[in-house]
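Everything below concerns the one structure shown next.
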Amino acid sequence: MSDTRHSPLPQKAIVTLTEDDLDGGLSSLRWRLHGLVMDGACLVVIDVSEIDQISSTLLAALLDTHRVCRRRGGGIVIRHAGRKMTDVLRRTGLDRVFEVEAA
């Protein structure tokens, strides 16, 4: 993860994903997201401007984080999603689960 920022109330974390974050599995990303919500984040903004595709493994990690955030009144925002990623989210119905901000 290349960039994480926090802001007070509601607790918000902004995470910028890079291709390096996706290489070699996503276990470190899962732990990072888990750490953010355990630290109190209820809104997690995922900036995907530096990646082209979204994998099922990444979606599973985001859904896990989203469930915890929703219980706290927040959720996941996917920011700067490209056309290909937006299409995948629309086809899977996940555009109704996550807030998606197109590039």
Side-chain angles (χ1 to χ4, degrees):
M1 234 155 291
S2 60
D3 185 24
T4 303
R5 292 173 285 203
H6 300 277
S7 64
L9 300 170
Q11 183 69 3
K12 176 168 101 172
I14 300 173
V15 178
T16 301
L17 294 183
T18 66
E19 291 295 333
D20 291 339
D21 296 321
L22 307 181
D23 290 341
L26 293 169
S27 62
S28 64
L29 175 62
R30 281 183 180 270
W31 280 109
R32 184 71 175 144
L33 292 173
H34 178 73
L36 291 172
V37 296
M38 295 313 292
D39 286 344
C42 61
L43 178 64
V44 179
V45 179
I46 308 292
D47 183 335
V48 294
S49 59
E50 296 185 29
I51 61 173
D52 294 325
Q53 297 184 35
I54 192 161
S55 68
S56 59
T57 309
L58 175 56
L59 286 173
L62 296 179
L63 282 168
D64 288 343
T65 303
H66 179 74
R67 284 185 199 103
V68 176
C69 290
R70 287 300 295 168
R71 282 186 236 132
R72 298 178 181 170
I76 294 275
V77 176
I78 299 177
R79 181 173 286 164
H80 301 133
R83 182 177 172 186
K84 185 188 270 187
M85 191 177 301
T86 303
D87 287 345
V88 168
L89 293 168
R90 189 176 308 118
R91 281 194 317 266
T92 59
L94 291 172
D95 62 329
R96 294 184 304 259
V97 175
F98 303 124
E99 182 179 335
V100 179
E101 298 175 358

Measuring from [X]:[atom1] to [Y]:[atom2], what's the distance to the nearest 0.5 Å?
X   : Y    : atom1 : atom2 : result
F98 : T65  : CZ    : OG1   : 8.5 Å
I78 : E101 : CD1   : CD    : 10.0 Å
L43 : R70  : CG    : CZ    : 10.5 Å
H34 : L29  : NE2   : CG    : 13.0 Å
R90 : M85  : CZ    : CE    : 13.0 Å

Review point. Taking a hydrophobic cluster as the set of Ile, Leu, Val, Met, Phe, Trp and Tyr residues connected by side-chain heavy atoms closer than 4.5 Å, whether directly or through intermediates, do W31 and L17 fall within one such cluster?
Key: no
Review point. With a 4.0 Å cut-off, would you call K84 and D87 a salt bridge?
Key: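 Looking at K84 and D87, the cut-off is not met.
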Give me the atom names and distance for the closest heavy-atom approach of [X] to [Y].
X   : Y    : answer
R30 : T57  : NH2-O, 3.9 Å
A81 : V100 : CB-CG1, 4.0 Å
L26 : S55  : CD1-OG, 4.1 Å
A41 : C69  : O-SG, 4.1 Å
T16 : E50  : CG2-OE2, 3.7 Å
E19 : I51  : OE2-CA, 3.3 Å

**Study point:** Criterion side-chain contact (heavy atoms from CB on, under 4.5 Å) on R32 and V15, from CA distance to verdict
**Key:** CA-CA 10 Å; R32 184 71 175 144; V15 178; 5.8 Å; no
Practice item. Pick out which of I54, V44, L94 makes a side chain to side chain contact (heavy atoms under 4.5 Å, CB included) with L62. Key: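 For L62, the side chain to side chain contact (heavy atoms under 4.5 Å, CB included) test succeeds with only one of I54, V44, L94, which is I54.
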Review point. If only atom types and distance count, is the side chain of R72 paired as donor or acceptor with the main-chain N or O of V37 below 3.5 Å?
Key: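 It does hold such a pair.
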Review point. Are side-chain heavy atoms of L33 and I46 found at a separation under 4.5 Å?
Key: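 Of all side-chain heavy-atom pairs linking I46 with L33, at least one is under 4.5 Å.
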Practice item. Please step through side-chain hydrogen bond (donor to acceptor under 3.5 Å, both in side chains) for the pair S49 and D47, ending with a clear verdict. Key: CA-CA 6 Å; S49 59; D47 183 335; 2.7 Å; yes
